[in-house]
Amino acid sequence: MSAVLEIEDLHVEIRTAGQSSRVLRGVNLSVESGSVHALVGESGGGKSMVTRAATGLLPRSARIVKGRIRLAGQDVTHWSERQWRSVRGTVVSMVLQDPLTALNPVRRIESQIADVLRRHSGLSGEALKREMLSLLERVHMRDPERVLNQYPHELSGGMRQRVVIAIAWACKPQLILCDEPTTALDVTVQKEVLKLIRELGSEGQGVLLVTHDLGVVAKLAHSMSVIHTGRILEEGTVENVYKNPQHDYTRALLSATPRFDRPGHTLKPVADELIAKLMAEAEHLDRLEAMR
Ligand SMILES: Nc1ncnc2c1ncn2[C@@H]1O[C@H](COP(=O)(O)OP(=O)(O)OP(=O)(O)O)[C@@H](O)[C@H]1O
Ligand SMILES: [Mg+2]
């Protein structure tokens, strides 16, 4: 496996009203191709800053003061907006919390997907239409022909997020950044969308998944980092971090996560169960791979 995203000792400062504050303080993080890496931590810890830095979308008031970001082997730390534009969609793309902000409300889904595909793949006519339908099928969209003709407000939240994932995935980028991709969705829809994200990870894409939900991490991610006040406190495989947290903060996060099926219980036993299941699944996949 190789790292599609490597962040080394990243320090980011934000300047507002003459004052500067450091929001990232020496972040190290890497995402391997074909795997899901979770970034967890409480609100304001710097999770979105990390994803924004990795897509060249830091706020204007932010400045990288130290460190390095490598994307698919290229040093992108001080890239211009023009340079970033050449890789967004093709090398890196993003799925955000609220699919409505990612879609244009006054344009049909067809034209929004077509834009991305035309720009990056040069497809047109029937071939373009076929590719759009196959993308929507890939994200398990029901009735894709109909969806192409609809506007975002005519779709449910889960359908919109599938469209956003289809667009993010249209050009098979090497890295997909998902920043709280399911927080705005119903619980049942959340599960399906998360499964989809996991599938992306197993198809060779690297996925960085930002979430505050440790249950999701246990189910979905291969490795994880814990961030707090701009510092990475802990990182490793999900199994290692859950079974053997090194930091009090991580222990607190783990024990503060409620069990959904039995209120009042903590996540720890669930995590163990899930990890066992995940490991069995991974072994099964390895065996299948070996038989090919
Ligand atoms: N546009 C901005 N201007 C100034 N400060 C900002 C801006 N965006 C974020 N910050 C600050 O940067 C720090 C990190 O914020 P960030 O959005 O990365 O947190 P987060 O971990 O994503 O939180 P959440 O879970 O709430 O999304 C916070 O202290 C926040 O107040
Ligand atoms: Mg955030």
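Every number for a ligand or one of its atoms is a count from 1 in the order of the listing.
- Close contacts between ligand 1 and Ser48 involve ligand atoms 17 (O), 18 (O), 20 (P), 22 (O), 27 (O) [criterion: under 4.0 Å to a heavy atom].
- Both the backbone and the side chain of Ser43 come within contact range of ligand 1, each with a heavy atom under 4.0 Å.
- With respect to atom 25 (O) of ligand 1, the closest heavy atom belonging to the protein is Lys47 NZ, 2.7 Å.
- Under a 4.0 Å N-O distance rule, the pair Arg68/Glu6 does not qualify as a salt bridge.
- Screening Arg22, Lys66, Arg25 for a side-chain hydrogen bond (donor to acceptor under 3.5 Å, both in side chains) involving Glu13 leaves a single residue, Arg22.
- An N or O contact shorter than 3.5 Å is missing between Arg52 and ligand 1 by distance.
- The closest approach between Gly41 and ligand 1 stays at or above 4.0 Å for every heavy atom of the residue.
- For the residue pair His37 / Ser225, a side-chain donor-acceptor distance below 3.5 Å is found, with atom types taken as modelled.
- Residue-to-ligand polar distances keep Val23 apart from ligand 1: every N/O pair is separated by 3.5 Å or more.
- Here Lys47 does not pair with Asp179 in a salt bridge; the nearest charged N to carboxylate O distance is not below 4.0 Å.
- Distances between N or O atoms of Ile14 and those of ligand 1 include no value under 3.5 Å.
- Because the distance cut-off is set at 2.8 Å, Ser48 qualifies as a neighbour of the Mg ion (ligand 2) through one of its N, O or S atoms.
- Regarding atom 23 (O) of ligand 1, its nearest protein heavy-atom neighbour is Gly44 N, 2.8 Å.
- Note that atom 9 (C) of ligand 1 has protein non-hydrogen atoms nearby, at separations under 4.0 angstrom.
- With no hydrogens or angles considered, a side-chain donor-acceptor pair links Tyr249 and Glu42 at under 3.5 Å.
- Protein heavy atom nearest atom 18 (O) of ligand 1, with residue, atom name and distance: Met49 N, 2.9 Å.
- Counting only heavy atoms, the protein never gets under 4.0 Å from atom 31 (O) of ligand 1.
- Judged purely by distance below 3.5 Å, without hydrogens or angles, the side chains of Glu32 and Ser35 never pair a donor atom with an acceptor atom.
- Other residues, nucleotides and ligands place more than 12 heavy atoms under 6.0 Å from the NZ atom of Lys172.
- A 6.0 Å sphere centred on CZ of Arg251 holds more than 12 heavy atoms belonging to other residues, nucleotides or ligands.
- Of all the heavy atoms in Ala38 and Ala221, the pair that sits closest is CB-CB, 3.7 Å.
- Polar contact check, Pro59 against ligand 1: no nitrogen or oxygen pair lies under 3.5 Å apart.
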